[in-house]
K.L.:
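Have a look at the structure that comes next, please.
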Amino acid sequence: MIHARGHVHTPEASRWLQRLCHHFSRKIAVRYDEHEGHAEFPWGLCDMHADDTALHFACRAQDAQQLARVRFAIDEHVKLFSRKHPLAVQWHACTPAAEGTP
């Protein structure tokens with residue numbers, strides 16, 4: 001599997017996490033509470049974590065094309081839901097060994 005991490009700086013991270021997860025749950029398997037979320041896209045997985053300053057995404061998929069689809073789904077929904085005050089995910093690639101590190 002390949003991995004990517006991203007984040008959106010916002011003091012309303014918990015609200016954004018719940019809104020995204022609720023929306024995704026209409027079409028895919030999702031588990032979430034006010035601080036953690038897990039979405040199972042057909043192309044890959046995305047774990048979300050909300051803290052006081054940001055919403056963090058940890059995504060993984062079998063190949064680069066599938067990972068790009070997961071990232072696209074996250075990006076487009078963040079854009080869609082933040083039209084009044086636009087937010088954007090800042091992404092960076094990571095290796096599986098780096099997954100456990102902040």
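Numbering starts at 1 and runs along the sequence shown. Given the structure is predicted, the values throughout are model-derived calculations rather than measurements.
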K.L.:
Can you tell me how far the CE atom of Met48 sits from the SG atom of Cys59, to the nearest 0.5 Å?
P.N.:
7.5 Å

K.L.:
For the residue pair Asp75 and Val89, what are the closest heavy atoms and their distance?
P.N.:
OD1-CB, 3.4 Å

K.L.:
Side chains of Arg69 and Phe41: does their closest heavy-atom pair fall under 4.5 Å?
P.N.:
no

K.L.:
With a 4.5 Å limit on heavy-atom distance, are the side chains of Leu45 and Val70 in contact?
P.N.:
no

K.L.:
Could you pull out the closest heavy-atom pair between His35 and Asp33, with the gap in Å?
P.N.:
N-OD1, 2.8 Å

K.L.:
Once you round to the nearest 0.5 Å, how far does CD1 of Ile74 lie from SG of Cys46?
P.N.:
4.0 Å

K.L.:
Does His22 reach the main-chain N or O of Gln18 with its side chain, forming a donor-acceptor pair under 3.5 Å?
P.N.:
no

K.L.:
Nearest 0.5 Å, please: how far is OH in Tyr32 from OG in Ser25?
P.N.:
5.0 Å

K.L.:
Measure across Leu17 and His49 and return the closest heavy-atom pair with its distance rounded to 0.1 Å.
P.N.:
CD1-N, 4.0 Å

K.L.:
Taking CZ in Phe81 as the centre, count heavy atoms belonging to other residues, nucleotides or ligands within less than 6.0 Å. Is the count above 12?
P.N.:
yes

K.L.:
So does Gln65 have more than 12 non-hydrogen atoms from other groups sitting under 6.0 Å from CD?
P.N.:
no

K.L.:
Could you pull out all residues at least two apart from His9 that satisfy ring pair (Phe, Tyr, Trp, His ring centres under 6.0 Å)?
P.N.:
His7

K.L.:
Is a side-chain donor or acceptor of Ser14 paired with a backbone partner of Glu34 at a separation under 3.5 angstrom?
P.N.:
yes

K.L.:
Where is the tightest heavy-atom contact between Ala13 and Ala54, given as atom of each residue plus distance?
P.N.:
CB-O, 3.2 Å

K.L.:
Identify the heavy atoms of Ser82 and Leu87 that sit nearest to each other, and give their distance.
P.N.:
OG-N, 2.9 Å

K.L.:
At what distance, to the nearest 0.5 angstrom, does CD of Gln66 lie from CZ of Arg60?
P.N.:
13.5 Å

K.L.:
If you take all heavy atoms of Trp43 and Ala73, which pair is closest and at what distance?
P.N.:
CZ3-CB, 4.4 Å

K.L.:
Return yes if a side-chain donor-acceptor contact under 3.5 Å exists between His38 and Glu40, otherwise no.
P.N.:
yes

